[in-house]
*Asks:* 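I have a structure here, written as structure tokens, and I will follow up with some questions on it.
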Amino acid sequence: MTRPEETDNSPREDMFLIRRQKAEKIAQGGKSPYGHAVSGLQDCPSVKTAFAALPEGGVLSAKVAGRLTAKRVMGKSLFANIKDQDGFMQLYVQKNVVGDESYDLFKDLDIGDIVCAEGEMFVTRTGEASLRVQSFELLSKALRPLPEKWHGLSDMEQRYRQRYLDLISNDEVRRSFQLRSRIVQEIRNYLSSRGFMEVETPMMQPLAGGAAARPFKTYYNALNCTMYLRIATELYLKRLVVGGYEKVFEIGRNFRNEGMDRRHNPEFTVLELYEAYSDCRGMMALIEDMICHVATSIFGTLTFTRKDGVDINLSRPWRIATYHDLVREKMGADWFDLDPSAMRDKARALGLAIPDAMNALEITHEVYDKTIESTLIQPTFVTRLPAYLVPLAKRCEDNPDLVDVYELEINGQELSPGYSELNDPIEQRARFDQQLIGRGDIEGEVNRVDEDFLTALEHGMPPTGGLGLGIDRLVMLLTGEPSIRDVILFPQMRPQA
RNA sequence: GCCUUCGUAGCUCAGUCGGUAGAGCAGCUGACUCUUAAUCAGUUGGUCGACGGUUCGAAUCCGCCCGAGGGCACCA
């Protein structure tokens, strides 16, 4: 190879130019450095398995393709590794087998190039099943170098911005996302085998309902109006229950215009499902069974170990604790008998910032939020929440101040909420109105009442159980990844200048 | 938005007290027909995130900006 004559000799361009020249040289030799479809390919692990099953001396021809990840040249023969989606294969290329011209061509290939190779399997002196290459073809010339082979890519920013490099060089990352796909698939299998119908509802909505979060705003030219990216699927799925579909679910993206951190990405994936004639208890049984089913069928276990060594045990039955009992456990049996100022003092003694304006309900919730939720590592259904927190749920029959809901906490995070859904349209309107009182109208966006949804309820919705499940957080739990960015292929990043 | 740590070759990382910018891998040249982080010899490659300041002199100290990690805040 001659040195490039170009004046720009920054190293990146240097390598880029050398590789481009190699590609041009191949093109001049009458071959394309960017090939076409290949038929008859086998994946590397299957070839190795089939070869291992042969009796000694058995002959197996194979054709594999993948990215060149290592090359060890020893004069007139060389070893190389290629990696395909499922595994890798060692290639053995000999000058006297492929011919001088072909051999030099292979010698000139770079780490990162995509090739296919055909030959017969054999076992090397050191016992590795390998492919003795009879012919090969360059399918795609890589003009840029891959990250270092041994340490891989560890720069977080580059891992997220150029996820493809992360996937090429870090096998654990590749595995995590394969597991994510299987988890979602298994949830679909589970639900459809129980008669649930998968549906799709609008992501662009004229008002973002079903939760209280700041929405992303966009503009629809043809209708000359502002639209919002959905923050929840709830109100549309309930319209379908009104419409007579008794078991529906949706797995899709929600968007919330809020901060991002280890547990939050502005777009995140959620399962929501509704089952007519069921309730909160039906939902608890369902979510417990579904998560255990997914865990055992994909991981073969109900015990998961976090990266910091803490075990999470999903064995049934899961703990059920009322919101009030948990607060009493933390703050004393007399907590709910205290007057607000005594509550305030006690909460402040824990280091919480409690403004004077907070009432007893709010102080209690601040205590729960800041000091209790994160301690619920093992699966816990928190039940009977204060009604003011959950305007879309039915009140408990024995106590109108509480709603008949659960919040499933695992690993210190809310993984899944479930409700006995409120199906009384008059009360629903009142609860919406109540919610508006005292809440600042955030840019006029959040607090408008979805009249169309109320109209649907007025047509009659059967008693219904519903639940949501944060898919990203479930995947974090099952794969042990501590950051949501490691279970989302392309996490949100600030655009580069 | 706030606090904090970080940003050095394509990648992984050193860089002492402010005194000419370093290694390994990758690349390039050569040797080598059973290697596997191949080996051996030689060798190219740097706007030290950007800008400004202090200084005889800045990767190093100061300021500001950009980007990332962690924490906080926001998040029915």
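Per chain, numbering begins at 1; letters A, B, ... match sequence-line order. Note that the coordinates shown come from a computational prediction; the quantities given were computed from them, not determined experimentally.
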*Asks:* May I ask you to list the residues of residues 57-84 of chain A, by number, that have any heavy atom positioned under 4.0 Å from an atom of RNA chain B?
*Replies:* A:Arg72, A:Val73, A:Met74, A:Gly75, A:Lys76, A:Ser77, A:Phe79
*Asks:* Does any N or O donor sit under 3.5 Å from an N or O acceptor when you compare the side chain of A:Asp155 with the base of B:U12?
*Replies:*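 No.
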*Asks:* Any base atoms under 4.0 Å from A:Arg262, or only sugar-phosphate, or nothing? Heavy atoms, all strands.
*Replies:*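 Answer is sugar-phosphate: A:Arg262 comes under 4.0 Å of backbone atoms only.
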*Asks:* If I take atom CG in residue A:Asn254 and atom C1' in nucleotide B:C75, what distance separates them, rounded to the nearest angstrom?
*Replies:* 13 Å
*Asks:* Base, sugar-phosphate alone, or nothing: which one does A:Glu157 contact when heavy atoms must sit under 4.0 Å apart?
*Replies:* sugar-phosphate
*Asks:* Please say whether the positively charged group of A:Arg239, taken as NZ for Lys or CZ for Arg, lies over the ring of A:Tyr236, i.e. under 6.0 angstrom from the six-membered ring centre and within 45 degrees of the axis.
*Replies:*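 Satisfied, under 6.0 Å and within 45°.
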*Asks:* A:Arg485 versus A:Met156: any side-chain heavy-atom pair under 4.5 Å?
*Replies:*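 No, too far: nothing below the 4.5 Å cut-off.
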*Asks:* Of the candidate nucleotides B:C74, B:A68, B:A26, which contains the atom at the shortest distance from the side chain of A:Met15?
*Replies:*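 For the A:Met15 side chain, the nearest candidate turns out to be B:A26.
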*Asks:* Is the closest basic N to carboxylate O distance between A:Lys394 and A:Asp424 below 4.0 Å?
*Replies:*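 Answer for the salt bridge query: no.
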*Asks:* Taking the nucleotide of RNA chain B with the nearest heavy atom to each, does A:Gln94 or A:Met493 sit closer to the 5' end?
*Replies:*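 It is A:Gln94 whose nearest nucleotide is closer to the 5' end.
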*Asks:* Would you mind classifying the nucleic acid contact of A:Leu153 as base, sugar-phosphate or nothing, using non-hydrogen atoms under 4.0 angstrom?
*Replies:* sugar-phosphate
*Asks:* Show your working on side chain to side chain contact (heavy atoms under 4.5 Å, CB included) between A:Ile363 and A:Trp335 and close with a plain yes or no.
*Replies:* CA-CA 11 Å; A:Ile363 295 168; A:Trp335 173 262; 4.1 Å; yes
*Asks:* Rounded to the nearest Å, what distance is computed from the CZ atom of residue A:Arg263 to the P atom of nucleotide B:G69?
*Replies:*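 So the CZ-P distance, A:Arg263 to B:G69, works out to 16 Å.
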*Asks:* Quick one: label A:His365 by what it contacts on the DNA or RNA (base, sugar-phosphate, nothing), any heavy atom closer than 4.0 Å.
*Replies:* nothing
*Asks:* Rounded to whole angstrom units, what separation is found between the CE atom of A:Met89 and the P atom of B:U35?
*Replies:*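 Rounded to whole Å, this separation is 19 Å.
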*Asks:* Contact class for A:Glu128 vs. all strands (heavy atom < 4.0 Å): base, sugar-phosphate, or nothing?
*Replies:* base
*Asks:* Assign A:Arg159 to base, sugar-phosphate, or nothing according to its heavy-atom contacts below 4.0 angstrom with the strands shown.
*Replies:* nothing
*Asks:* Take atom CD of A:Gln21 and atom P of B:G27, then tell me their distance rounded to the nearest Å.
*Replies:* 16 Å
*Asks:* Counting only side-chain heavy atoms from C-beta out, which of B:U12, B:C25, B:C34 sits nearest to A:Phe122?
*Replies:* B:C34
*Asks:* So with a 6.0 Å cut-off around CZ of A:Arg253, is the heavy-atom count from everything else above 12?
*Replies:* no
*Asks:* Closest-nucleotide mapping onto RNA chain B: is A:His151 or A:Arg494 further toward the 5' terminus? I mean the 5' end.
*Replies:*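 Mapping each residue to its closest nucleotide by heavy atoms, the 5'-most match is A:His151.
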*Asks:* Hey, does A:Tyr388 reach any base, or is it just sugar-phosphate, or nothing, if we go heavy atoms under 4.0 Å?
*Replies:*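 Counting heavy atoms under 4.0 Å across all strands, no contact is made by A:Tyr388.
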*Asks:* So, taking the atom named CD in A:Gln428 and the one named NZ in A:Lys238, what distance separates them when rounded to the nearest 0.5 Å?
*Replies:*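 Reported value, rounded in 0.5 Å steps: 6.0 Å.
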*Asks:* With a cut-off of less than 4.0 Å, is there a side-chain N or O of A:Arg161 near OP1 or OP2 of B:A68?
*Replies:*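 For B:A68, OP1/OP2 do have a side-chain N/O of A:Arg161 under 4.0 Å.
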*Asks:* Nearest-Å distance, CH2 (A:Trp150) to C1' (B:G10)?
*Replies:*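 Atom CH2 in A:Trp150 sits about 20 Å away from atom C1' in B:G10.
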*Asks:* Round to a whole Å and report the spacing from CG of A:Asp166 to C1' of B:G69.
*Replies:* 15 Å
*Asks:* Name the closest nucleotide to the A:Pro147 side chain, picking from B:C74, B:C11, B:A68.
*Replies:*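 Comparing B:C74, B:C11, B:A68 against the side chain of A:Pro147, the answer is B:C11.
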*Asks:* Ignoring hydrogens and angles, are the base of B:U12 and the side chain of A:Ser154 linked by a donor-acceptor pair under 3.5 Å?
*Replies:* no
*Asks:* Taking CZ from A:Phe16 and C1' from B:G45, how many angstroms apart are they, rounded to a whole number?
*Replies:*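 Computing the A:Phe16:CZ to B:G45:C1' distance gives 17 Å.
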*Asks:* What do the steps show when you test A:Val115 against A:Leu139 for side chain to side chain contact (heavy atoms under 4.5 Å, CB included), and what is the final call?
*Replies:* CA-CA 5 Å; A:Val115 298; A:Leu139 298 177; 5.6 Å; no
*Asks:* What pattern of brackets, bars and dots sums up RNA chain B from 5' to 3', given Watson-Crick or G-U wobble pairs under 3.5 Å, [ ] for crossing pairs and | for another strand?
*Replies:* (((((((..((((.....[..)))).(((((.......))))).....(.(((..]....))).))))))))....
*Asks:* State whether A:Lys95 places a side-chain N or O below 4.0 Å from either non-bridging phosphate oxygen (OP1 or OP2) of B:C32.
*Replies:* no
*Asks:* What is the distance, to the nearest angstrom, from the CG atom on A:Leu17 to the C1' atom on B:G45?
*Replies:*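 After rounding, the reported distance stands at 13 Å.
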*Asks:* Among the nucleotides B:C34, B:A26, B:U35, which one has an atom lying closest to any side-chain atom of A:Arg132?
*Replies:*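 The answer is B:C34.
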